[in-house]
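In what follows, a single structure is set out as structure tokens and then discussed.
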Amino acid sequence: MPSVHKNPARTFRPEPELYERAKTAVAEVGSDMNGHLVAFLRWLTHETNELPERPSPGPRLSPAPGATKRIDAKATASKTRTQVE
């Protein structure tokens, strides 16, 4: 009997190296890829303000060559408040 799920499957196509690093990262925080992707989508659509947990940075999770640097909104907001005060 085929498996029946509540929601249909979706497809995304990350680079293989990125996907392997992501699998390692979610395992390190006791989660899984589906849970993390759903949590990120909830944040992206303003359903929540909480991003999913991620492991501490390390050499195995460094950005891929050519990746754009992400601005940390919390750190930026904190610096701005400190500068104003």
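Predicted model, so just to flag it, every value in this text is computed and none were measured. All values below come from the heavy atoms of this structure, side chains included, with hydrogens, waters and symmetry mates left out.
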Quick one: closest heavy-atom pair of G35 and D32, and the distance?
N-OD1, 2.6 Å

Between atom CD of E15 and atom CZ of R21, what is the distance when rounded to the nearest 0.5 Å?
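Atom-to-atom, E15:CD and R21:CZ are 8.5 Å apart.
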
From CZ (F40) to CD (E50), nearest 0.5 Å:
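So the CZ of F40 and the CD of E50 are separated by 14.0 Å.
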
Verify, without hydrogens or angle tests, whether H36 (side chain) and E53 (backbone) share a donor-acceptor contact under 3.5 angstrom.
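A pair under 3.5 Å: yes.
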
Give a yes or no answer on whether the side chain of S31 reaches the backbone of A27 with a donor-acceptor pair at less than 3.5 Å.
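No.
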
Mind checking whether L51 and L41 sit in one hydrophobic cluster, side chains of I, L, V, M, F, W, Y counted as touching below 4.5 Å?
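Same cluster.
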
Would you say V38 and L44 are hydrophobically clustered, going by side-chain heavy atoms of ILVMFWY under 4.5 Å?
no

Applying side chain to side chain donor-acceptor pair (under 3.5 Å) to T48 and not counting sequence neighbours gives none

Return the set of residues passing side chain to side chain donor-acceptor pair (under 3.5 Å) with H5 (not counting sequence neighbours), or none when no residue passes.
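Side chain to side chain donor-acceptor pair (under 3.5 Å) list for H5, sorted by chain: S3.
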
Taking salt bridge (Lys or Arg N to Asp or Glu O under 4.0 Å) as the cut-off, I'd like each qualifying pair that reaches into residues 35-45, sequence neighbours left out, listed once.
R42-E47

